[in-house]
Amino acid sequence: MQAFEYASPRSLQEAIRLLPAQWGPTDVLAGGTDLVSAMKDGISTPQRLVNIKQIAELHRMTFSPRAGLHIGATVTLRELLDDGAVQQHYPGLIQAAEAARSEQLLNMGTVGGELLQRPRCWYYRNGYGLLALRDGKSLVPEGENQYHAILGNAGPAYFVSPSFLAPILIALGATVQLHGPRGARSLPVQKLFVTPTRVGQREHDLAPNEILTEIRVPYRPGVRTAVYEIREKEALDWPLAMAAVALRQEGGVLRDPRVVLGQVAPVPWPSPEAERTLTGKKPSEDLADAAGRAAVAQATPLSKNGYKVQLARIAVKRAILSAVQQGG
Amino acid sequence: MASCKYDWPAAGQRDAIGKSTDRIDGPAKVSGRAKYTYDINRPGMLFGKMLTCPHAHAKIKSIDVSPALKHPGVKAALVIQDVGSEIQWAGDEIAAVAAVDEATAEDAVRLIRVEYDVLPHLVREENLSKDGDRAKPAGEQKVGDPDKAFADPEAVISEGFYGIPVITHCCLETHGNVVEWRGADSILTHSSTQNVSGIPSQLGAALRAKKINVQDSNIETICQYIGGGFGSKFSIDRWGVVAAELSKQAGGKPVKLMLDRDEDLEVAGARPSYFGHVKVAASKDGTLTAWSSETWGTGGPGPSGVPPVPYILTNIPNIYKKHTSVSTNIGPARAWRAPNHPQACLMTLAALDDLAAKLAMDAMEFLQKNIHLAPSYLVNTYQQELSKAAELSEWSKYWHPRGDKTPGHLKRGLGVSLHTWGGRGHAGSCNVIVRPDGSVTVQSGTQDLGTGTRTVIAVVAASTFGLPVDAIQVEIGDSRYPFDGASGGSTTVGAASAWTRRGSVDALNELFAAVAPSLGVQANQLEARDGRIQVQGNPSKSLSWKDACAKLGAKTIHTVGKNPGPCNLGSVGVGGVQVADVTVDTETGKVKINRLVAVQDCGLIIDKLTAESQVYGGLIMGVCYSLFEEKVMDQTIGRMLNANMEFYKLAGIGDIGGELIVHMMTGPGYDERGVIGLGEPPVISPGAAISNAVANAIGVRVSQLPLTPRRVLAALAKGGIA
């Protein structure tokens, strides 16, 4: 790990002033569960770390039926899981956070950091950059792409978005607050994620001198949610496919279904095709199956990840069935 | 039966031997007082780091370590492989530095300048047709007339492809040492090693070859605790020699050079792969008649090892086999727990299971029917173990013909496998010391890999002296103690139990001689029981252990116990049978372990608890390589992609699934064989047993381990649930 300067400001304004306008020399430190590993591996080589855990306003969590759930960026996954209002009103969020599995990650990892963690692509983690380039050519299509994207993978990006929380947050219509030198802006969670198309571009719509401060999740009584994910290991591991579902039942049919896949594309992947399949229909196993098929109809698997198409299909199907059965 | 003076006591007189004794170093380990090499921090210690080669195959054109040497805080730097050296794998060591702290050492390593001529590499060998001249014949053998046997129109023939990739050792404590010079001609090493007594001569020879003069007898190696070896830690390794050289250059200061996790996974241990096409034949009644296999594998740049197939059923009358060794640039192979056996076991037992399915025979019956083809000394053991495994796994209740026909996507299946291993005690020795104050110490330059060696020594000495286990002081893990062999091949328990027994019996006889006059009897009329030295058959004439030892006056008893030695205290050759019970989700391809049953013999058991723990450990390691482990190499870049604990996947508690059921075969027929090692056997069968259970569940063979969703779904896409 390269030596670095460490700043631990108490206010958001102070923190933003410590961030330069370009990526590289400075990184924001929250839980550090991803960043510190990346620094040890030489993937991130900041000259300065700005710790935001001392900024009190980033560590608040509030709930009201009118405003919904506001989660400060440095609220830990453990704090999210232990919160009574989250447990009562957002069971899908609980399911998604539990997917982290590791107590250490739950205790140290923050909600903001979970959304902004970098991809796990093993070419990226071995120093070939986000686009896994060697001599200008991506290593992924002819390489070990068993864990790579099956959707949105026309290139040059083939990694999968690693966030467990993003799919369910998108399904729930959540937004994020970002603060920079010119003030605050709000984005739907979906818009936080972008597929890079050139070297140097990041996978988040976040300026180097912006800080993600809060996640706002609307309160939607009567909406049922579920998250289903499939992984090789039950212990700490990255899902091979994940699906988050939010829907209502009205007069025996499904209304406003939201279906968002995770771990299958460079961004969390909403499926309007699956949503259309469900809308206005009576829930059944066949319907869930059809929605699963619709969700992966456009999949373009690589040489070694065809199996993920099936897994994504099953994750969607099972998430829908679970949401329908579970209530909430 | 003539008795021999060191013989193990008869059943009923064995005290702690064969009972469950908590490991005596358990409290030190769970409280953190146990210090592993990684924990050793010596005064004035420097940190060593190595520059490694980024290319899988290259020649060094130029190298310059001087910028590193000039870096502030750097105390030593050296070239490990000089200009002209041909590098055969990525991660191989090129140069090293020692600096005042780890960060400075890392910074300095980055300043070293190396130029390479990059050469062509091969890092993936599973497709033999693409391996070109890297593939070299490694043995061909014919027994009987296999062509004729396969041509028999009555023969039922099964053909299949099976494979098991290269996996790594992934010791939780990485390899490495802390090395320091004590004056100009003496060295102390703290080493993470399976070979405490062997390290000094290895290091001495390596240094003398570099014109650094040091006598082996002036090198001391200490390893009190080790975080896993599994066969990968017998050698001082190049990085150990480098640490000694760096220390010398830095005026003798201790140099700590432990591999990083990625280095450890890339270079410090790999188990050879094994792929092959197998054809087997049986007569219609299920009697095996012929075996034919064409197999290949890689062990890195060197030979691959030749797994012994057909495994166990070696007396199949007609055999043809041919093996090809593929030289690759993946890092060198090292012995991995039961070298060659897990591979041979999968290749054989999976092929036989497929044949049994083709014969529409119960897999357990098929093995019983053909077990006479095993080496004769094991036939009886296997018959008993197969029956026991069938009983414990409720085989007759849960086994079904291939393909679970119950509705739904969850399919359950059972699979069976069997294995063997040698396990005779190695050559070694100990001191047994009985002092006038009654204290007893056993010393040996052996090591406890976490297998329970310390506890075994204490149990044997305590049982011989009639003392409680905690009365025995065990001092091991230092090369200044009497020589003992390396802990590999399940040889330690056989050795340690035997040399402790011999040394303790001799010491006890000396004590009897000292005590006899005061009890008014001959020494040979005395016995040691329940903390007393007493006249045989007359416990009223006795002395407490402490009072008896006081009769030694100023004399301390000091005996040397050796192995091998008089009387048969151990033997060789064990058998084991395992059954896996799994559920497969046919929609996701995910395999869940419901139960694993292990039935194992190992002769006379010294500590039942640590013996069972060995089997549990073997099963867990077996689940890891059956479901998750693979050294993933990228052919373009020539490097390992998953050299971390995130994508080099090992099972967690939740992945072990349901129950692990362990049954040790003991009592008449087993105990009288004496002590036999147990480290390797239980890790051999899980791959085949789990693979067979999956085939039984889903009706199709998943040809390669690990049984990931990707492979299971690919197999199901070709057929299944017959």
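Below, chain A is the first sequence line, B the second, and so on; all start at residue 1.
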query = Given a strict heavy-atom distance threshold of 4.5 Å, which part of Arg101(A) is in contact with chain B: side chain, backbone, both, or neither?
reply = neither
task = Could you tell me which portion of Glu106(B) (side chain, backbone, both or neither) has an atom closer than 4.5 angstrom to a non-hydrogen atom of chain A?
result = side chain
key: Beyond-backbone contact of His148(A) with Cys121(A), side-chain heavy atoms, under 4.5 angstrom   = yes
message = So which residue, Glu142(A), Arg318(A), Arg134(A), ends up with the most heavy-atom pairs under 4.5 Å with chain B?
response = Arg318(A)
task = Could you have a look at Lys317(A), Arg313(A), Gln310(A) and say which one has the most heavy-atom pairs with chain B under 4.5 angstrom?
result = Gln310(A)
request  = Look at Arg124(B) together with Glu126(B) and state whether they make a salt bridge at an N to O cut-off of under 4.0 Å.
outcome  = yes
message = Is there a side-chain contact (heavy atoms from CB on, under 4.5 Å) between Gln146(A) and Thr708(B)? Walk through the geometry before answering.
response = CA-CA 11 Å; Gln146(A) 48 266 50; Thr708(B) 56; over 6 Å; no
note = So, the part of Arg261(B) with a heavy atom under 4.5 Å from chain A: the answer is neither
ask   = Yes or no on side-chain contact (heavy atoms from CB on, under 4.5 Å) for Ile94(A) and Leu81(A), after CA distance, side-chain angles and deciding distance?
value = CA-CA 6 Å; Ile94(A) 298 281; Leu81(A) 286 172; 3.8 Å; yes
key: Contact origin within Leu627(B) toward chain A - heavy atom pairs under 4.5 Å   = neither
query = Between Asn107(A) and Thr76(A), is a side-chain contact (heavy atoms from CB on, under 4.5 Å) present by the stated rule, with each step listed?
reply = CA-CA 6 Å; Asn107(A) 289 335; Thr76(A) 65; over 6 Å; no
Side chain, backbone, both or neither of Leu236(A) within contact of chain B (heavy atoms, under 4.5 Å) = neither
query = Do Lys592(B) and Glu234(A) sit within salt-bridge range, that is, some charged N less than 4.0 Å from a carboxylate O?
reply = no
ask   = Non-hydrogen atoms of chain A under 4.5 Å away: do they reach the side chain of Lys590(B), the backbone, both or neither?
value = side chain
Chain A contact via Asp585(B) - which portion, at a heavy-atom distance below 4.5 Å = side chain
ask   = Can you check whether Leu35(A) reaches Leu49(A) side chain to side chain, under 4.5 Å on heavy atoms?
value = yes
task = Among Arg120(A), Met1(A), Lys308(A), Lys40(A), single out the residue with the greatest number of heavy-atom pairs under 4.5 Å to chain B.
result = Arg120(A)
query = Measuring heavy-atom distances to chain B, does Lys304(A) have an atom under 4.5 Å in its side chain, in its backbone, in both, or in neither?
reply = both
task = For the residue pair Gln47(A) and Gln2(A), establish whether any side-chain heavy-atom pair is separated by less than 4.5 Å.
result = yes
ask   = Under a 4.5 Å heavy-atom cut-off, does chain B meet the side chain of Asp237(A), its backbone, both or neither?
value = side chain
inquiry  = Taking side chain as everything from C-beta outward and backbone as N, CA, C, O, which of these in Leu641(B) sits under 4.5 Å from a heavy atom of chain A? Side chain, backbone, both or neither.
reply    = both
